[in-house]
Amino acid sequence: MSPALAATLARSVHQAARALVGCTLTLDGVGGIVVETEAYAPDDPASHSFPGRTNRNATMFGPPGFLYVYRSYGLHWCANVVCEPEGMGAAVLLRALEPTQGVEEMRRRRRVEDVRLLCAGPGRLTQALGISLEHDGLDLFRTPFELRPPDAAAEIATGTRVGITKAGERPWRYALRGSPYVSRPLRRG
DNA sequence: CACAGGATATACT
DNA sequence: GTATATCCTGTGA
């Protein structure tokens, strides 16, 4: 991984969640620019890691830079980047991408025309990239994944997290300011 | 073994 | 705006 990105991942989930916005993520060459993330800290009631390590969330307690995938509402897959401090269950939820590579492949998988809807939401993003449980525990810095930092620092807008029932007031949602590819407008934060 | 509940997307009113 | 699909995990009997 790039030294700059490694250093930022090592700070905190919040630093990492900011640093990931603007990065380019692909799986088998299909993907785009990360435009929206959410931080899930240790000691965070909304985090899957909060009740402690289990079989499902084991990846969260592993090394940073790996992918944690879980099924949401019995329907969708959600993808998270494991962060420092290692072993504490800190992770960043990937909520939206700006599609830049393999757009036609994503359209086929999602069966929608509008590019803005291809990866706008955690479930949509995983469907477009073809991420599922088989990718849980894989290193994002190794093939078939590619994760590289932006050329210039992204301008970040913050807001409250989405779709959770605990600690929803925490402004731990980070987005690329002004991007039309976010899953929904930011509120507060 | 049974069952509640969840970091959502979509279709429909 | 709200209904609802759909399934796996974690917890407790």
Side-chain angles (χ1 to χ4, degrees), chain A residues 9 12-21 23 25 32 34-62 64 66-84 88-99 106-138 140 156-176 180-189:
Chain A
L9 285 177
S12 75
V13 274
H14 305 289
Q15 298 284 338
R18 285 175 174 273
L20 283 166
V21 173
C23 289
L25 172 69
V34 178
V35 297
E36 186 181 343
T37 62
E38 278 176 5
Y40 287 87
D43 279 5
D44 179 353
S47 174
H48 284 189
S49 64
F50 186 69
R53 179 179 179 139
T54 63
N55 199 42
R56 171 174 67 151
N57 65 21
T59 300
M60 292 184 88
F61 293 86
F66 281 62
L67 189 69
Y68 166 51
V69 180
Y70 68 91
R71 195 184 278 284
S72 169
Y73 292 90
L75 296 172
H76 318 285
W77 299 107
C78 288
N80 302 253
V81 180
V82 178
C83 295
E84 297 274 358
M88 299 296 288
V92 171
L93 173 67
L94 299 172
R95 286 196 53 91
L97 298 186
E98 173 182 341
M106 290 192 263
R107 272 205 250 261
R108 275 194 292 277
R109 290 170 177 161
R110 293 265 306 123
R111 298 194 187 141
V112 294
E113 289 299 312
D114 193 337
V115 185
R116 286 170 302 184
L117 297 179
L118 284 180
C119 301
R124 294 166 172 173
L125 182 159
T126 53
Q127 186 181 20
L129 267 64
I131 293 175
S132 67
L133 191 59
E134 65 193 284
H135 299 103
D136 179 49
L138 295 187
L140 285 166
I156 307 293
T158 66
T160 52
R161 294 185 291 185
V162 177
I164 54 178
T165 54
K166 301 164 204 154
E169 75 287 352
R170 301 184 189 187
W172 289 353
R173 181 165 168 241
Y174 303 91
L176 186 61
Y181 299 98
V182 298
S183 63
R184 49 201 339 196
L186 299 187
R187 292 204 320 245
R188 298 193 297 270

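Letters A, B, ... are given to chains in the order of the sequence lines, protein chains preceding strands, and every chain is numbered from 1.
- Of all the heavy atoms in A:S49 and A:G89, the pair that sits closest is OG-O, 2.7 Å.
- Between A:L75 and A:L133, it is A:L75 whose nearest contact on DNA chain C lies nearer the 5' terminus.
- In this structure, A:R173 places its CZ atom 16 Å from P of B:dA7, rounding to the nearest Å.
- Phosphate proximity of B:dA7 to A:H48: present, with a side-chain N or O under 4.0 Å from OP1 or OP2.
- Put simply, CD on A:E36 is 16 Å from P on B:dA7, counting in whole angstrom units.
- Nearest heavy atoms, A:V13 versus A:A91: CG1-N, 3.5 Å.
- Checking B:dT10, B:dT8, C:dT9 against every side-chain atom of A:R110, the shortest atom distance belongs to B:dT10.
- Looking at the side chain of A:R71, the nearest of the listed nucleotides B:dT8, C:dC7, B:dT10 is C:dC7.
- Taking atom CG on A:N80 and atom P on B:dT8, their separation rounds to 11 Å, with Å as the unit.
- In this structure, A:H76 atom NE2 and C:dT9 atom C1' are separated by 17 Å, rounded to whole Å.
- Each of A:Q127 and A:R56 has a nearest nucleotide on DNA chain B; the 5'-most of these lies closest to A:R56.
- Across the interface with DNA chain B, nearest-nucleotide mapping of A:L125 and A:G74 shows A:G74 to be the residue nearer the 5′ end.
- When all heavy atoms are compared, the tightest approach of A:M60 to A:S47 is CE-OG, 3.7 Å.
- Remark: P of B:dT10 and CG of A:L117 are 8 Å apart, rounded to the nearest angstrom.
- With a cut-off of 3.5 Å on both pairing distances, the Watson-Crick or G-U wobble partner of C:dA3 is B:dT10.
- The separation between A:F50 atom CZ and B:dG5 atom P is 18 Å, rounded to whole Å.
- Under 3.5 Å, the side chains of A:Q127 and A:R110 contain a donor-acceptor pair of N or O atoms.
- Looking at heavy atoms from C-beta onward, A:Y70 lies out of side-chain contact with A:D136 at the 4.5 angstrom threshold.
- Look at CD1 on A:I131: it is 15 Å from C1' on B:dA7, rounded to the nearest Å.
- Taking the side chain of A:Y73 as heavy atoms from C-beta on, and the options C:dT11, B:dA7, B:dT8, the nearest nucleotide is B:dT8.
- Nearest nucleotide to the A:R124 side chain, out of B:dA7, B:dT10, C:dT11: B:dT10.
- Rounding to whole angstrom units, CG of residue A:N57 and P of C:dC8 are separated by 17 Å.
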